[in-house]
Asker: 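Supplied in structure tokens, the structure appears directly below.
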Amino acid sequence: MWIVLVTSALTLVSYYRWLRVAQREHYEPTRLFAIEWIWIKARPVEAILLGAVVVVCLASFVLPYGALVGALLFVGWPVGMSFAGAKRLVWTDRVKRLAGVLFVLHAVVTLLIALFLPAAAGLLPILAVALAEAALAIMWRVEKAMAKKWQVQAAATIRSVNPKIVAITGSYGKTSTKNYATHLMQGRWSTLASPASFNNAMGLSRAVNDRLQPGTDIFVAEMGTYGPGEIAELTEIFPPEVAAITTIGEAHLERMKSRATIVTAKSEILPKASTVVLNIDVPELALIAENLRASKRVIACSAVPGTAAEVIVTDGALTINNQTYAVELPDEVGHPINVAIAVGLALAVEVPIETITERLPSIPGTPHRAEANRTPGGVWVIDDTFNSNPTGAAAALAKAKRLAGESGTVWTITPGMVELGTEQAARNIEFAQAATASDQMRLCIVGRTNRKALRAGDPARTTAFDSRKAAADHALTAAKEGDVVLYENDLPDHYA
């Protein structure tokens, strides 16, 4: 009996690691299994070690102490993943509820083993991640139900204050576009934007309940999704008069499986809106724009000169309805298409063109999204560590090359891009080749998650490091005045 209890206690200790991973992965069911698989693929030795844990645990049927040894080994697996991490588990109310459910499940399994088959104590560590996933699945529905009262309150507040709702979605670029658009709208209207990346029902409800005040003219709502149906639900609570889709990309392929599903999920933002703002550089959105012109006001946006769009933003120029204005955007501002969509949104809520052109030079950069700054030593540093995706990574690399000019070297520090499903390896290979395409380019690979794909770049210009700090120390020490250091993506430390 005591072996069962000690094994159970050791397994409880191991749950700390997986609760932290669950919190970093937004409590989404199946993500613990996904992270396990990432480690096994990136470091095959982890599969061997996990196999050893299972064998030792199963040996408890004939060797009782096997359960204890297996549980001890499992506390340290995966070997390369920090137990506490740079960002420790935060004991929020949600984590406490999840931990409580997990403890109950674990206690039930422990009791059943203790009463009926003590020799099976080794099953406790083997089942640990599965039980944690079961707890996540249970609480996913419970948390959704608990959030209803806050959503009802938010809907009532929306009806009471009655702001015009501007909704923004897209595979990427949502937060930057929201910040740019809010800045432009504030030139005429009292405008509130959902903070940070609060883009689900609970985050938007909290923003409205805590911050929406009488007299607010416009509420800008960023809307995210992991699959069809979610944005449709958001638009029931926060019905938009104006809606925008920034782009369709591969950022959601791991979960949604196909580009067509992504288009369907993102398009749920459009039906309730009377005005839609679309990035017609994306073929699917160009087709949607044409199909909607008969029933809605459509503002087409582009970052390609000469496109038949209502708004075009290129380097140094803004074109609105074929009228061109000279504008100088701050260096820290990211991708032009996001600025174009922000201008389209401002036009949709009747912000005068004069106000837009006056405020564009002062639009705020969005932290960690192609944000450029220069060190005292004359080295440009581009921080593009959030929401890395193939299109954004290519644009950030192009910006780095532009800043470096003909004489500077571009040092790219990256762990690669993730959550791209079947396209992940191919996209990382393409980026590695682009990041080592000339003698003036160096690639510093961080971690192991995408190391194999990223090694497809020129070997003479590629170096692998175990941590971002080691890569940064190397690049910043070697960089000279006029060079550019590009941080492209930054994975949480529970990745390999």
Side-chain angles (χ1 to χ4, degrees), residues 21 24-26 28-43 169-176 197 199 224-228 230 245-266 279 281-285 334-335 337-338 368-370 384-398 412-436 443-457 462 464 468 486-496:
V21 172
R24 301 302 305 277
E25 292 292 310
H26 310 293
E28 186 185 356
T30 76
R31 289 305 297 169
L32 303 186
F33 288 147
I35 295 299
E36 277 191 310
W37 181 236
I38 285 170
W39 276 88
I40 289 169
K41 285 195 302 180
R43 301 186 69 207
T169 193
S171 294
Y172 26 84
K174 297 183 292 295
T175 302
S176 297
S197 293
N199 58 24
T225 178
Y226 285 144
E230 294 183 5
I245 303 178
T246 59
T247 193
I248 300 296
E250 297 168 329
H252 303 293
L253 275 178
E254 182 177 327
R255 292 176 171 91
M256 295 201 223
K257 307 305 181 186
S258 74
R259 190 176 175 95
T261 303
I262 297 171
V263 174
T264 298
K266 298 298 183 182
N279 169 10
D281 294 340
V282 177
E284 295 95 333
L285 298 182
H335 312 306
I337 187 60
N338 296 337
H368 314 297
R369 291 168 173 87
D384 198 37
T385 52
F386 281 15
N387 291 334
S388 185
N389 58 80
T391 302
L397 186 59
T412 301
I413 299 173
T414 185
M417 296 166 277
V418 297
E419 298 188 13
L420 301 181
T422 57
E423 299 298 316
Q424 183 166 315
R427 296 297 173 260
N428 280 298
I429 288 170
E430 291 170 1
F431 182 72
Q433 292 170 342
T436 57
L443 175 62
C444 301
I445 303 170
V446 176
R448 296 177 181 271
T449 298
N450 291 304
R451 183 174 293 188
K452 182 178 179 181
L454 291 172
R455 282 199 179 278
T462 302
R468 174 176 153 173
L486 167 63
Y487 292 97
E488 184 56 43
N489 205 15
D490 182 27
L491 297 179
D493 62 4
H494 62 272
Y495 276 80

Asker: With sequence neighbours left out, write down each residue that passes salt bridge (charged side-chain N to carboxylate O under 4.0 Å, His left out) with Glu36, or none if nothing qualifies.
Answerer: none
Asker: Quick one: list whatever passes side chain to side chain donor-acceptor pair (under 3.5 Å) with Ser258, sequence neighbours left out.
Answerer: Thr261
Asker: How many angstroms lie between CG in Asn489 and CG in Leu491, if you round to the nearest 0.5 Å?
Answerer: 5.0 Å
Asker: Could you give the distance from OG1 (Thr462) to CG (Leu443), rounded to the nearest 0.5 Å?
Answerer: 4.5 Å
Asker: Under the side-chain contact (heavy atoms from CB on, under 4.5 Å) criterion, do His26 and Arg31 qualify, and how do the steps go?
Answerer: CA-CA 9 Å; His26 310 293; Arg31 289 305 297 169; over 6 Å; no
Asker: Who passes salt bridge (charged side-chain N to carboxylate O under 4.0 Å, His left out) against Arg259, sequence neighbours left out?
Answerer: Glu284
Asker: Side chains of residues 416-423: which donor-acceptor partners sit under 3.5 Å, not counting sequence neighbours?
Answerer:
residue, atom, partner, partner atom, Å
Glu419, OE1, Arg255, NH1, 2.6
Glu423, OE1, Arg427, NH2, 3.2

Asker: Donor-acceptor pair, Trp39 side chain versus Thr449 backbone, under 3.5 Å?
Answerer: no
Asker: Does the side chain of His494 come within less than 4.5 Å of Glu25's, by heavy atoms?
Answerer: yes
Asker: Residues two or more places apart in sequence or in another chain: which of them pass salt bridge (charged side-chain N to carboxylate O under 4.0 Å, His left out) with Asp281?
Answerer: none
Asker: Give me the atom names and distance for the closest heavy-atom approach of Ala396 to Asp384.
Answerer: CB-OD2, 3.3 Å
Asker: Can you see which heavy atom on Glu250 is nearest to which on Pro390, and at what distance?
Answerer: OE1-CG, 3.5 Å
Asker: Between Ser171 and Ile262, what is the shortest heavy-atom contact and its length?
Answerer: OG-CG2, 3.7 Å
Asker: Once you round to the nearest 0.5 Å, how far does OG of Ser176 lie from CG of Asn338?
Answerer: 5.5 Å
Asker: Identify, with sequence neighbours excluded, every residue that meets side chain to side chain donor-acceptor pair (under 3.5 Å) alongside Asn428.
Answerer: Asn450
Asker: Distance from Leu285 atom CG to Thr246 atom OG1, nearest 0.5 Å?
Answerer: 8.5 Å
Asker: How would you list, by chain and number, every residue that makes a side chain to side chain donor-acceptor pair (under 3.5 Å) with Thr225, sequence neighbours excluded?
Answerer: Glu230
Asker: Nearest heavy-atom pair of Ala265 and Gly227: which atoms, and what distance?
Answerer: CB-C, 4.0 Å
Asker: With sequence neighbours left out, what residues match Thr391 under side chain to side chain donor-acceptor pair (under 3.5 Å)?
Answerer: Tyr172
Asker: Just to verify, what does Ala398 make a side chain to side chain contact (heavy atoms under 4.5 Å, CB included) with, not counting sequence neighbours?
Answerer: none
Asker: How long is the straight-line distance from OG1 of Thr412 back to CG of Leu486, given to the nearest 0.5 Å?
Answerer: 4.5 Å
Asker: Is there a donor-acceptor pair under 3.5 Å between the side chain of Lys174 and the backbone N or O of Gly170?
Answerer: yes
Asker: One pair to check against side-chain contact (heavy atoms from CB on, under 4.5 Å): Thr414 and Cys444. What are the steps and the verdict?
Answerer: CA-CA 6 Å; Thr414 185; Cys444 301; over 6 Å; no
Asker: So, using side chain to side chain contact (heavy atoms under 4.5 Å, CB included) as the criterion, who are the partners of Ala42 when residues are at least two apart?
Answerer: Arg448, Ala496
Asker: Decide, yes or no, whether a salt bridge links Arg468 with Asp490 under the criterion of side-chain N to carboxylate O below 4.0 Å.
Answerer: yes
Asker: Can you tell me how far the CG atom of Asn389 sits from the CD atom of Glu488, to the nearest 0.5 Å?
Answerer: 8.0 Å
Asker: Any sub-3.5 Å donor-acceptor pair from Thr436's side-chain atoms to Gly457's backbone N or O?
Answerer: no
